[in-house]
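One structure is given below, encoded as structure tokens.
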Amino acid sequence: MRTYLVTGGAGFIGSNYIHYMFQKYGDGIRIINVDKLTYAGNLENLKDIEDRENYTFIRADICDSEKIMKIFEENDIDRVVHFAAESHVDRSIRNPEVFVKTNVLGTLVMLNAARAAWEQPDGSYLPDKKFLHVSTDEVYGSLEEDGGYFYETTPYAPHSPYSASKASSDMLVKAYMDTYRFPANITNCSNNYGPYQFPEKLIPLIINNALQGKKLPVYGDGKNVRDWLYVMDHAKGIDMVQEKGRLFETYNIGGHNERQNIQIIHIILDTLREMLSPEDPRRELVTEDLITYVEDRKGHDRRYAIAPDKIRAEVGWYPETSFEEGIRLTIQWFFEHEDWMRNVTSGDYQKYYEEMYRGK
Ligand code: NAD
Ligand code: TYD
């Protein structure tokens, strides 16, 4: 039975990926989830699978080399899927250091531990061992409003401390592939949305605020463009790249779903009004009057857009969920998980929100 080591599996995309993998492979795989449980990691995300015999959670920091090495020594790991990272641009602007520690040094620790476990004395690797590094399209920088896409060959030009740290981690993975023939792939995905996303990111923040009649903060002119992908389509892409992709290659993942932030907000408001029953008192709170233009993010990238030609041609991946459907699924999930939202927005979140949006 194949054993997966998933890092950051208690976060947004990692937990969706674990759900996807158990839905797809059932008892045919084993998953070890290694997560530090930062503010973004939440074991509630995995409640419905935590009792499975083929699932293990280990609380560990990926920067803790000894602990990570030990996990590899004690388990015969076949696949690594490396999600663990600090992931929010606004936080990186305020406090870049932890981004470099986790995203750069943590990735180095993961690479060293996997290499130590898998490399043979003659420099070859044990058969069928693979490492997948989950990255972002933000490493490519920003596109003009009127054209162009990010290809796998687009030069890296990160602007935020977050994207600079992810770019550095990608470079380390590339260096390990080139220098040690380390068996890896890199995926660079566009913005994800869906269940379990922490409400510091645009879509869950807007849903949560709108349902409470709170201001909806729009940075700058609201016309920055992001290319949104439903998280389960990302999970499917990661699995397909690991199984069908060529080793040592990078694959961009995205579904040609570019929207301005302000358009996203209007779609969310329209969909909320459509989905809330007329008797629901929250329905009248959800109005365009909540939209509030605030000071722009520093160094705000104007547009991201992925060209998914390579993953479609080589791997056969394509997104299955339209944006209209994905947004409805996401909102429905938030309706059914009010406790989840209450739990993650109590305590530290309040402090975060006040500090981040103070004066905005
Ligand atoms: P997230 O912030 O929701 O989750 C990150 C997880 O990593 C959390 O569970 C956290 O506890 C864990 N973690 C953080 N530091 C750790 C450490 N030092 N040791 C062990 N665990 C640690 O992030 P996400 O949105 O799920 O993103 C996951 C990955 O996907 C990241 O690498 C991110 O760069 C990448 N990505 C995200 C998006 C997006 O739109 N969210 C798009 C493309 C790529
Ligand atoms: P975000 O979800 O933080 O993702 P990223 O910065 O990684 O793309 O932000 C998505 C877009 O929404 C980005 O252009 C910034 C903007 N934004 C707002 O306008 N208001 C907000 O409160 C947030 C969190 C983001």
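Sequential numbering from 1 along the given sequence is applied to the chain's residues. Values reported hereafter were calculated over all heavy atoms of this structure, with side chains retained and with hydrogens, waters and symmetry mates removed. One-based numbering, in listed order, for ligands and for the atoms of each.
- Salt bridge annotation for Lys129-Asp78: present, with a cationic side-chain nitrogen under 4.0 angstrom from a carboxylate oxygen.
- Protein heavy atom closest to atom 16 (C) of ligand 2, with residue, atom name and distance, is Asn261 ND2, 3.4 Å.
- Residues Tyr193 and Phe323 place their aromatic rings such that the two centres sit under 6.0 Å apart.
- Not one N or O of Glu86 is nearer than 3.5 Å to an N or O of ligand 1, by distance alone.
- Proximity to Ser135 (heavy-atom distance under 4.0 Å) selects the following atoms of ligand 1: 43 (C), 44 (C).
- Nearest protein heavy-atom neighbour of atom 2 (O) of ligand 2: Leu202 N, 2.8 Å.
- With a 4.0 Å heavy-atom cut-off, ligand 2 is reached by the side chain of Arg226 but not by its N, CA, C or O.
- Near His300, with a cut-off below 4.0 Å to any heavy atom, the atoms of ligand 2 are 13 (C), 14 (O), 15 (C).
- Looking at Tyr39 next to ligand 1, no N or O pair under 3.5 Å apart turns up.
- Here's the thing with Gly11: one of its N/O atoms is less than 3.5 angstrom from an N/O atom of ligand 1.
- Neither the backbone nor the side chain of Thr136 comes within 4.0 Å of ligand 2, counting heavy atoms alone.
- The shortest heavy-atom distance from Tyr162 to ligand 2 is not under 4.0 Å.
- Residue contacts with ligand 1: Glu200 is placed with no nitrogen or oxygen under 3.5 Å of a nitrogen or oxygen of the ligand (distance criterion only).
- Every residue two or more places apart in sequence or in another chain that forms a side chain to side chain donor-acceptor pair (under 3.5 Å) with Asp233 is listed here: Thr321.
- Of all protein heavy atoms, the one closest to atom 25 (C) of ligand 2 is Tyr219 CE1, 3.6 Å.
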